[in-house]
Chemist: 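Sending over a structure as C-alpha cells; questions will come in a sec.
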Amino acid sequence: MSRPDASARTCLTIALAAGEGTRMKSALPKVLHPVAGRPMVAHVLAACATAGADALAVVVGPGRDDVARAATVAAPDASIFVQTERLGTAHATLAARDAIARGWDDLLIVFGDTPLLRSETLAALRAALASGAAVAAMGFEPADPTGYGRLLIEGGALLAIREHKDATAAERAVRTCNAGIMAIDGRRALELLDAISNTNAQREFYLTDVVEVARARGLRCVAVMAPEEEAMGVNDRVQLAAAEAVMQRRLRESAMRMGATMIAPETVFMCWDTRIGRDVLIEPNVVFGPGVVVEDGAVIHAFSHLEGAYVRGGASAGPFARLRPGADLGRNAKVGNFVEVKAAQVGEGAKISHLSYIGDASVGADANIGAGTITCNYDGFSKFRTTIGAGAFIGSNSSLVAPVTIGHGAYVGSGSVVTEDVEADALAIARGRQAQKPGWAAAFRARQKPRGKT
Ligand code: UD1
Ligand code: MG
C-alpha cells in the first residue's frame, strides 16, 4: 500500500549521467559543464535533495571518476553506480539495481543534463505517486517537439510515451512531450523495469516503456506538466548558454526579491551560491564568481569582479574593483577603482580608494591606503604577509615588501619602498631625497636656443 502523505514517504533518486555528450565537443563530460559556476549534475542533485530524497544514486559511464567525484562533492552521501554499456535509459536506471532493491515508496529518475529542474516539480511528481499513480512522467510543451518522446494522454491517464523515432505521423502531431524525469512506485519499480524490452527503432531499453508495462498490469500512469525551461536538456554549447541565461535570470530575480537593487540586472552575473543581503546596490556589469557574500547595505559599483569574497555591511567596492578569494571587507570599508584585494582582511572603515594591490595582508580599522600602494607579497617562490595597523596612513605609490608590519597610527611617506617594520605612530620615509638645482631649467633652455628650439 502506498502511503498517502507525500512527506512521510521514503524516496530514492537516481540521476542518469552516463551520457557521452559528444555534441559538446569537449574534453569535459557533459554533465560537468558548469551552469552558474556549478556542474549541471550538481544542480540536479541539489534539486533532488530539496525535494526530500532520502538517498541519491548517480549512474556514471565506465571510468568516469571525475563525474563520480563531482556528484559526491554536491551530495556526499550519493552512491555511485557504473553503467558499463550504454543500452538505454531503463538499462541505465537498472545499473542502480542494488539501491532500488533496498525498498522505497518513491523512485525518482532524473537526468544529469537538465540543470534547470526545480524541486517543486519533483515534489509534484512524488505527490502523484502519493495519490495512487504507479508512474508519473514530467511533461512539457516545447515550441518545437521534434526529437522528444510524446506523451499519449487520454482522459487524464497517460497511456504511453512514444519516442520520436518510433512514433507514427499522428503521434508526432502530439505537442505534449516527455521531459524524461519520472517517478515510479518504488515497491514495483524493479518488477516494471525488468519487464522493459529493447524492441524499438534504437534497440535501446527505454525507460519510457515503463508506462505501457505498468498499464499492462492495470496500474495507473499520469503526466505532471512543468514549464518548458525546466525540462531543457543541454546537449551542446548553444543549449548550455541558453540554460545559463535562464539560471542567471532566476538568481537575479531571487536576489532582488530578497531586497537587493540591481540597476541593470541583465548585466549582473551570479553564481549558484552568491549571497546578497538586503538594501545592497549592485550597479551594472558586475560578475560574481563562486563563494561571495555581500551583507546588508553594501554597494558593488559598476564593472567589478568578485570571487570568494566577503563584503560586510555598508562596505563598498568598485567601480572596477577585483576582489579575489579571501578578500574580506570590514563594515563600511571602501575599496575603490582599479583595486585588487586577495586573501586580505580590510578592517572596518578602512579605505583603499585607488589603484592598489593588497594581497596576503591585513589592514587595520580606519587605515588609509594611498593610491598606487602595492603589497609585494611574492618572491617567486613563497607568499609573505603584510600587516597594517589600525589608523595607519600609507602614502601614495608605496611598495610594502612583505613580510612587513606597519604599526598602528604610523605614516609611510609617499613613494616609499618599505622593507623593515614601522613602529606604531612613527613616520617612515624610504625614498631618494629630493635634490634641487635653482635656475637649472632656465639655463638649460638658454643653452638649447641656438639649436632653433624655443
Ligand atoms: C529521453 C527520453 C525522451 C525525452 C527526452 C527528453 C527515453 C527513452 N527517452 O530521450 O522521451 O523526450 O529524454 O530530453 O528515456 N543515459 C544513460 N545511459 C544510457 C542512455 C542514457 O545514462 O544508456 C542518460 C543520458 O546521460 C541522459 C539521459 O539518460 O542524461 C537521457 O538520455 P538521452 O540519450 O539524452 O535520451 P533522449 O534521446 O534525449
Ligand atoms: Mg537527451
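This chain uses plain numbering: 1 for the first residue, then up along the sequence. Indexing begins at 1, ligand by ligand and atom by atom, following the structure's order. For clarity, every value in this text was computed on a predicted model and none was experimentally measured.
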Chemist: Side chain, backbone, both or neither: which applies to A179 and ligand 1 if a contact is any heavy-atom pair less than 4.0 Å apart?
Modeler: backbone
Chemist: Would you check the N or O atoms of I161, main chain and side chain alike, for any that come under 3.5 Å of an N or O of ligand 1?
Modeler: no
Chemist: To the nearest 0.5 Å, what is the distance between CG (D360) and CZ (F384)?
Modeler: 10.0 Å
Chemist: Give the numbers and elements of all ligand 1 atoms closer than 4.0 Å to a heavy atom of G149.
Modeler: 3 (C), 4 (C), 11 (O), 12 (O)
Chemist: Would you mind telling me which of D54, D105, D106 makes a salt bridge (Lys or Arg N to Asp or Glu O under 4.0 Å) with R9?
Modeler: D106
Chemist: Please confirm whether T208 approaches ligand 1 to less than 4.0 Å, judged on its heavy atoms.
Modeler: yes
Chemist: Just say parallel, tilted or perpendicular for the rings of Y148 and F140, cut-offs at 30° and 60°.
Modeler: perpendicular
Chemist: I'd like to know if R118 pairs up with E230 as an ion pair, taking the criterion as any Lys NZ or Arg NE/NH1/NH2 lying under 4.0 Å from an Asp or Glu carboxylate oxygen.
Modeler: yes
Chemist: Using atom types as modelled and distance alone, determine if a side-chain donor or acceptor of E283 lies under 3.5 Å from a backbone N or O of A302.
Modeler: yes
Chemist: Is any heavy atom of the protein nearer than 4.0 Å to atom 36 (O) of ligand 1?
Modeler: no
Chemist: Whether R162 and E212 form a salt bridge (side-chain N of Lys/Arg under 4.0 Å from carboxylate O of Asp/Glu) is what I want to check.
Modeler: yes
Chemist: Ignoring hydrogens and geometry, is there a side-chain-to-backbone donor-acceptor pair from R385 to A361 under 3.5 Å?
Modeler: yes
Chemist: If the contact criterion is a heavy-atom separation under 4.0 Å, does G88 count as touching ligand 1?
Modeler: yes
Chemist: Think R322 forms a cation-pi with F338, using NZ or CZ under 6.0 Å from the six-ring centre and within 45 degrees of its axis?
Modeler: no
Chemist: Do Q83 and L16 come close enough that some side-chain heavy atom pair is under 4.5 Å?
Modeler: no
Chemist: Spell out, as yes or no, whether a donor-acceptor pair under 3.5 Å connects the side chain of R150 to the backbone of R172.
Modeler: yes
Chemist: Does any N or O of ligand 1 fall below 3.5 Å from an N or O anywhere on V59, backbone included?
Modeler: no
Chemist: Taking the minimum heavy-atom distance to atom 24 (C) of ligand 1, which of N200, I181, L16, V44 ranks first?
Modeler: L16
Chemist: Between V58, D166, V31, D113, flag the one that comes closest to atom 27 (C) of ligand 1 by a heavy atom.
Modeler: D113
Chemist: Donor-acceptor pair, distance only, cut-off 3.5 Å: does the side chain of H33 make one with the backbone of L240?
Modeler: no
Chemist: Is atom 14 (O) of ligand 1 close to the protein, meaning a heavy atom under 4.0 Å from it?
Modeler: yes
Chemist: Considering H164, R86, R150, which one's heavy-atom position lies nearest to atom 25 (C) of ligand 1?
Modeler: R86
Chemist: Please list, in number order, the atoms of ligand 1 under 4.0 Å from a heavy atom of Y206.
Modeler: 8 (C)
Chemist: Taking non-hydrogen atoms only, is L87 closer than 4.0 angstrom to ligand 1 via side chain, backbone, both or neither?
Modeler: backbone
Chemist: Of the backbone atoms (N, CA, C, O) and the side-chain heavy atoms from C-beta on, which set of Q83 has a member under 4.0 Å from an atom of ligand 1: side chain, backbone, both, or neither?
Modeler: side chain
Chemist: Got the closest protein heavy atom to atom 26 (O) of ligand 1, with its distance?
Modeler: G19 N, 2.7 Å
Chemist: Taking non-hydrogen atoms only, is E163 closer than 4.0 angstrom to ligand 1 via side chain, backbone, both or neither?
Modeler: side chain
Chemist: Using a 3.5 Å distance criterion without hydrogens, assess whether the side chain of N337 forms a donor-acceptor pair with backbone atoms of H354.
Modeler: no
Chemist: Note the single closest protein heavy atom to atom 1 (C) of ligand 1, along with its residue, its atom name and the distance in Å.
Modeler: F111 CE1, 3.8 Å
Chemist: Please compare T89, V110, V41 and report which has the shortest non-hydrogen distance to atom 7 (C) of ligand 1.
Modeler: T89
Chemist: Give me the residue, atom name and distance of the protein heavy atom closest to atom 12 (O) of ligand 1.
Modeler: N178 O, 2.6 Å
Chemist: Does some non-hydrogen atom of the protein lie less than 4.0 angstrom from atom 33 (P) of ligand 1?
Modeler: no
